[in-house]
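Scroll down for the structure; my scribbles are underneath it.
Residue numbering restarts at 1 for every chain, and letters A, B, ... go by the order of the sequence lines.
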Number of protein chains: 2
Amino acid sequence: MNSMASTSDKILDIAQSLIVAGGYNGFSYADISAAIGIRKASIHHHFPTKAELVAVLVDRYRQQAEAGLKFLQERSSDPSEQLQSYLGFWEKCIRDASLPVCVCAMLASEMQMLPEEVASRVRTHFQSLAAWLTSLLKEGAEQDLFRLSRRPEDEAQALMASVHGAMLSARAFGDPALFITIANAQIAKLQAPAR
Amino acid sequence: MNSMASTSDKILDIAQSLIVAGGYNGFSYADISAAIGIRKASIHHHFPTKAELVAVLVDRYRQQAEAGLKFLQERSSDPSEQLQSYLGFWEKCIRDASLPVCVCAMLASEMQMLPEEVASRVRTHFQSLAAWLTSLLKEGAEQDLFRLSRRPEDEAQALMASVHGAMLSARAFGDPALFITIANAQIAKLQAPAR
DNA sequence: TAAATCCTACCTACTAGTAGGAAGGCAAAT
DNA sequence: ATTTGCCTTCCTACTAGTAGGTAGGATTTA
């Protein structure tokens with residue numbers, strides 16, 4: 001499966017795992033070169049500059065994310081279930097360390113020194129995720145599954161922040177289980193107010 | 001005031017502002033050198049290695065943070081007020097860009113490739129902040145100011161995650177106001193369930 | 001044959017870190 | 001009082017290694 005992946009995809013795969021480990025400044029072409037057994041210059045053939053590489057990487061990540069969210073929407077019409085699936089996805093990624101943190105969350109922390117072509121794409125991902133969560137909360141509120149104490153837009157921002165913060169805490173404490181603990185506490189706040 | 005600060009303090013000040021901008025791998029001795037008009041070798045005199053520099057920096061940051069939190073506790077016995085002051089402090093830091101994000105939150109994102117002497121200190125800060133928030137929430141719950149839907153420890157983790165995530169979102173969107181919007185939404189969830 | 005892919009070999013700029021000396025402050029010995 | 005010597009601070013000059021990136025040739029694929 002990995003052996004028949006194209007070289008450029010392999011490059012992006014490795015780059016992504018290096019970015020989630022150490023951010024934009026935490027990896028080099030030499031690192032990728034060593035990881036997939038290809039020379040530095042060959043990587044430059046596929047991605048002339050580092051900024052371009054990461055820009056393409058974020059585009060690919062955003063596409064995958066949007067496809068994934070769309071899939072969740074289509075699989076279940078229950079907003080509560082969709083939210084559970086979304087958080088379950090991340091729980092799995094964090095538990096098996098396949099993607100211990102959102103690529104864009106990682107890059108967002110370095111926003112101030114990111115090349116503009118990367119920064120703008122990270123912003124776009126944040127916007128699209130916020131929009132997805134907003135419509136999810138809106139629907140959930142209409143179906144009386146969630147009780148919102150703020151505008152759906154603001155609640156979505158709060159939820160997104162919780163998820164990103166939970167990833168950070170899980171990483172800081174070296175405890176993957178902490179992610180779902182925090183996420184569940186947040187869900188409880190969305191559902192509890194009724195009782 | 002800055003002119004009578006010791007050289008090593010000036011080094012730490014600059015290093016801190018560089019770290020919150022771009023993380024551990026986002027600054028170099030040359031950057032500090034250029035910023036305070038001292039040679040690279042002189043910085044190595046004060047802090048032999050980069051890991052040592054950042055370790056001392058985190059120690060200083062943690063001391064300042066703990067002193068600040070203690071001060072908030074002493075200034076007001078009202079947990080609700082203490083929480084407001086804590087969030088107000090960060091709102092100001094983010095608004096005037098003096099400290100747009102917690103140093104340890106920044107470093108935590110790079111946890112996996114941090115020197116152990118730095119990583120352990122970052123963990124310690126997270127623990128001490130979580131402990132402070134836990135006792136704050138516990139007190140608030142006893143005084144019927146907060147309604148907790150989970151153990152105080154878990155609620156504290158959720159709150160801390162929200163704060164860190166809010167910092168990240170404010171940065172990603174380039175909108176300092178977003179921090180307090182998210183923070184207020186979180187406070188509302190702590191207070192609202194009663195009605 | 002032509003394009004895509006990957007290579008060797010190289011570039012300049014920068015990385016953290018070191019060796020060793022100059023300048024100044026300070027305190028004890030003269 | 002002045003000299004001696006130590007200590008701190010900062011310097012110039014340098015190291016080995018790494019950063020992103022390039023030129024141009026070889027090999028593979030269509």
(message) I'd like to know if Glu117(B) pairs up with Arg121(B) as an ion pair, taking the criterion as any Lys NZ or Arg NE/NH1/NH2 lying under 4.0 Å from an Asp or Glu carboxylate oxygen.
(response) no

(request) Mark up nucleotides 12-30 of chain D, 5' to 3', with B wherever a protein heavy atom is under 4.0 angstrom from a base atom, S wherever such an atom reaches only the sugar-phosphate, and - elsewhere. (result) B------SBBBB-------

(request) Examine dC6(C): is either OP1 or OP2 under 4.0 Å from a nitrogen or oxygen in the side chain of Thr7(A)? Give yes or no. (result) yes

(request) Can you tell me the distance, in whole Å, between the NE2 atom of His45(B) and the C1' atom of dT8(D)? (result) 6 Å

(message) I'd like to know if Asp13(A) pairs up with Lys10(A) as an ion pair, taking the criterion as any Lys NZ or Arg NE/NH1/NH2 lying under 4.0 Å from an Asp or Glu carboxylate oxygen.
(response) no

(request) Identify the two heavy atoms, one from Ala156(A) and one from Leu137(A), that lie closest to each other, and give their separation to 0.1 Å. (result) N-CD1, 3.4 Å

(message) Check this for me: does any side-chain nitrogen of one of Lys189(B) and Glu155(A) sit under 4.0 Å from a carboxylate oxygen of the other?
(response) yes

(request) Among Leu129(A), Leu159(A), Leu136(A), find the one that has a side chain to side chain contact (heavy atoms under 4.5 Å, CB included) with Tyr86(A). (result) Leu129(A)

